[in-house]
Amino acid sequence: MTPTFVPARLRGLSGLGALTLAAAALTTFAAPAAHAAGTAYYVSASAGSDTNSGTSPDAPWKSLAQVGRQTFQPGDTVAFRAGDTWTGQLAPHGSGTAAAPIAFTSYGTGARPKLDGQGAVASVVLLANQHDVTVSNFEISNSAGPITSSTPYRIGVNVFAQDVGAVPGIRITDNYVHDVDAPPNSSNPGSGGIIYTVRGSATPTYFTGLTVRNNEVANIASYGISGWSTWMQRDGWTSLWPFLGAPTTEYRPFTPSTGTVISNNYVHGIAAGGIAPLVVRDTMVDHNTVADTAQAHGNVAIWWADADNTTVQFNEISGTKYNGPQMDGDALDADEDSRGSLVQYNYSHDNGGGFFISVSGDSAPATAVVRYNVSQNDRNEIFTFSTNTTSVQVYNNTVWVSPNSGAAMTALTAVYHNAAGVTMANNIIHNAANLPYNTGSAITYDRNWYDGGPVPATDRAALTGNPGLTAPGTATSIADLAGYRPTATSPILQQGLEVPNDGGRDAVGAALPQGMPDLGALQRTAGTGLTEAAPTVTSSYATGQGTLAAVADGSDASSWASPSSGVAMGGNLTLAYPNPRTVSQVELATHFGTGQGVTRFDVQYWNGSAWVTALADATVAWSSNSATVERRSVTLPAPVTTGQLRLVVRAANLQWGNFAVNEIGTR
């Protein structure tokens, strides 16, 4: 089962090696020399001398120590000769500006300049209390050889700040960071390939616009790309994990880094977590390839915590190792105190522990939207919802589970502790491993398509059978998802609930319709692509039960009902859309249809000056008087384009004196 407070990926550590890492960032140096701004400097281990001027490729400096003696100015470039190798630590001084950053990069032809810490320095590259600095095009490693019980925690690139306020404009791009040491079986997000660290308790400190892009991070004994901050307290969560090295007295109220971008990196061969931004707001994690993480310790490929408005999209995640019960092994995790997470357009495959987790602790919520993703051959628990999950919408995903191959296979959906408020709608689930679903009150299933395995009895409007996809289960990369597109005769076409604010596109970029989408992650044909709020619903009838908004909220589970007495026919329900749309069909969804379903109605539209009847005396018949939602659609004689649609009720089943509607959709 998934842990409640300390995630499995962070348990079982005894070392305090991160104290060394933080202390290294505070190392004092001799007073550096200052130079004019906007100067280009050159460094060559093979052809340089520290007595040179360093201002031309013909007179380069030689050592990292000489670079550390300088205070660089805005617009300076410090270029290291391609093909050369340095040992030790690059710890420069000076900050740039947004318009004139300081750049550390390469010159010449050949292999990237190599910075090798040889496991003897806490961080190979250390940017301490600097801003507007770019580090690009290096090869960076920090390993002393085989890992033993005495191996310390190490970092490749450490971006560090303490008690300095906002720290803008740090960019770590186009580097190859590999072979960074940590103790055996480590799971410490304060050590690894590329790490940001915020310490201190006097001045709220945070990064703005920190960018980690186009790097390869490989063969790391702890984390690939991660970071943390002592400015994290909220919702009863008062300190991070002890092994990060900050005393509990140092932690202060939540002051997140903002606008962090972790993009287009290739992270693979990682002992613990692949990408893990902590204490952040408005973070983008996109277009990364993350493979073979959690190889030595239970972990998740991409996870985030103490995080608001994190967007995780267009990533390919695979090969996360499942290390056993309570040891995760999933592709994605909205973890401790993560609010407003958006997980979309990702391709997850062959992850040993599953596809997605949400979990939190103390009084902190975990809220997320998970949409238009493809999960292929993930194992164990495909979806896990645990402690303090309070609202997670999972819609229009395609999940393809192959037959059990001997790997751990536990559940399609799993719920632990006090998770609640999960909705799963419009998903296609191919369940050849016959995995069970949790059918307790935590999850509302609503109009999903089930192909194989059990069908949750609580699904409001379950659909079953072969979904009619082009070539499912055959994707080889995130660029190869076309096999999950419906065929022209697929039964899933235009069967989905119309979800407000749906993002406007599917997993491969096809624009979504304004009306009812196809089920699953890929649409058959492109629509208008507008991402709309829910229509406004009004009625000439008073409300007996529910709210009028339920008629168009994208959920079959909620409903509206008229009063239970005095109901006269001829009244109306009116939907006003945010944008005009073309309507050829209207669909009603109702439960207890033979008892309270509308049976005859007119469809009218607003032409800009008057209501026009598009279809008169449309009739529908309901077959059930149970909680199972039934759907009936009527086709207009000709499509109409309008911003408002109205149903005029002519007749209804009034077993209890009222009529009811769960949803009104359009195609």
Side-chain angles (χ1 to χ4, degrees), residues 3-28 91 122-123 126-131 152-155 158-167 170 182-183 186-192 195-208 210 222-223 226-258 260 272-273 276-281 283 303-308 335-339 359-366 387-388:
T4 61
F5 178 60
V6 180
R9 69 196 71 90
L10 296 171
R11 286 203 238 121
L13 298 178
S14 58
L16 293 177
L19 282 170
T20 304
L21 303 178
L26 302 178
T27 302
T28 58
S123 307
L126 173 62
L127 303 181
N129 287 348
Q130 294 165 269
H131 60 84
Y153 289 104
R154 292 295 182 237
I155 295 176
N158 186 8
V159 183
F160 182 92
Q162 180 167 344
D163 289 330
V164 292
V167 180
I170 301 295
S186 291
S187 179
N188 186 337
S191 73
I195 306 295
Y196 66 86
T197 308
V198 178
R199 290 290 301 270
S201 57
T203 301
T205 298
Y206 54 97
F207 293 103
T208 65
L210 172 65
S222 188
Y223 273 71
S226 65
W228 64 286
S229 170
T230 54
W231 295 87
M232 51 67 63
Q233 292 179 330
R234 62 176 179 177
D235 297 321
W237 198 19
T238 58
S239 65
L240 291 173
W241 305 281
F243 51 78
L244 285 167
T248 57
T249 55
E250 186 176 334
Y251 288 97
R252 291 294 184 269
F254 183 65
T255 308
S257 293
T258 60
T260 302
L278 312 182
V279 197
V280 289
R281 175 177 290 148
T283 299
W303 66 279
W304 53 102
D306 216 15
D308 293 348
D335 207 88
E336 188 80 27
D337 209 347
S338 291
R339 313 176 189 201
V359 59
S360 194
D362 294 305
S363 61
T387 310
N388 282 4

Over 60° means perpendicular and under 30° means parallel, so tell me whether W237 and W241 are parallel, tilted or perpendicular.
perpendicular
Counting C-beta onward and ignoring hydrogens, is there a side-chain heavy-atom pair between T197 and N158 closer than 4.5 Å?
yes
Check each of T255, V198, T230 against T205 using the side-chain contact (heavy atoms from CB on, under 4.5 Å) test, and report the only one that passes.
V198
Write down the atom of A305, the atom of D335, and the distance for their closest heavy-atom approach.
CB-CB, 4.2 Å
Exercise: identify the closest heavy-atom pair between S186 and A182:
OG-CB, 3.6 Å
Heavy-atom check, side chain of T249 versus side chain of S201, under 4.5 Å:
no
Could you tell me if the side chain of L278 sits less than 4.5 Å from the side chain of P189, heavy atoms only?
yes
With sequence neighbours excluded, residues passing salt bridge (Lys or Arg N to Asp or Glu O under 4.0 Å) with R252
none
For D235 against P365, the heavy-atom pair lying closest together:
OD2-CD, 4.0 Å
Does the N388 side chain pair with the main chain of A364, one donor and one acceptor, at a distance under 3.5 Å?
yes
Check D306 against F254 and note the closest heavy-atom contact, atom names and distance.
O-CE1, 3.4 Å
Give, for atom OG1 of T260 and atom OH of Y196, the distance between the pair rounded to the nearest 0.5 Å.
5.5 Å
Which class fits the ring pair Y251 and W228: parallel under 30°, tilted 30 to 60°, perpendicular over 60°?
tilted
Could you check whether any side-chain heavy atom of I155 comes within less than 4.5 Å of a side-chain heavy atom of Y223, counting everything from C-beta outward?
no
Closest non-hydrogen atom pair between T248 and S239, with its separation
CG2-OG, 4.0 Å
Given V280, T208, L210, the one that forms side-chain contact (heavy atoms from CB on, under 4.5 Å) with T258
T208
A161 and F207: which non-hydrogen atoms are nearest, and at how many Å?
CB-CZ, 3.8 Å
Going from CG on L244 to OH on Y153, what distance comes out if it is rounded to the nearest 0.5 angstrom?
9.0 Å
Can you list every salt bridge (Lys or Arg N to Asp or Glu O under 4.0 Å) pair that touches residues 238-250, not counting sequence neighbours?
R199-E250
Residue list, side-chain contact (heavy atoms from CB on, under 4.5 Å) with Q130, at least two apart or on another chain:
P92, S95, L127, V133
Which value, rounded to the nearest 0.5 Å, describes the distance between I195 atom CD1 and S222 atom OG?
7.0 Å
Could you tell me which residues satisfy side-chain hydrogen bond (donor to acceptor under 3.5 Å, both in side chains) with W231, sequence neighbours excluded, listed by chain and number?
none
Beyond-backbone contact of V167 with N129, side-chain heavy atoms, under 4.5 angstrom:
no
Listed partners of D337 passing side-chain hydrogen bond (donor to acceptor under 3.5 Å, both in side chains), at least two apart
R234, R339
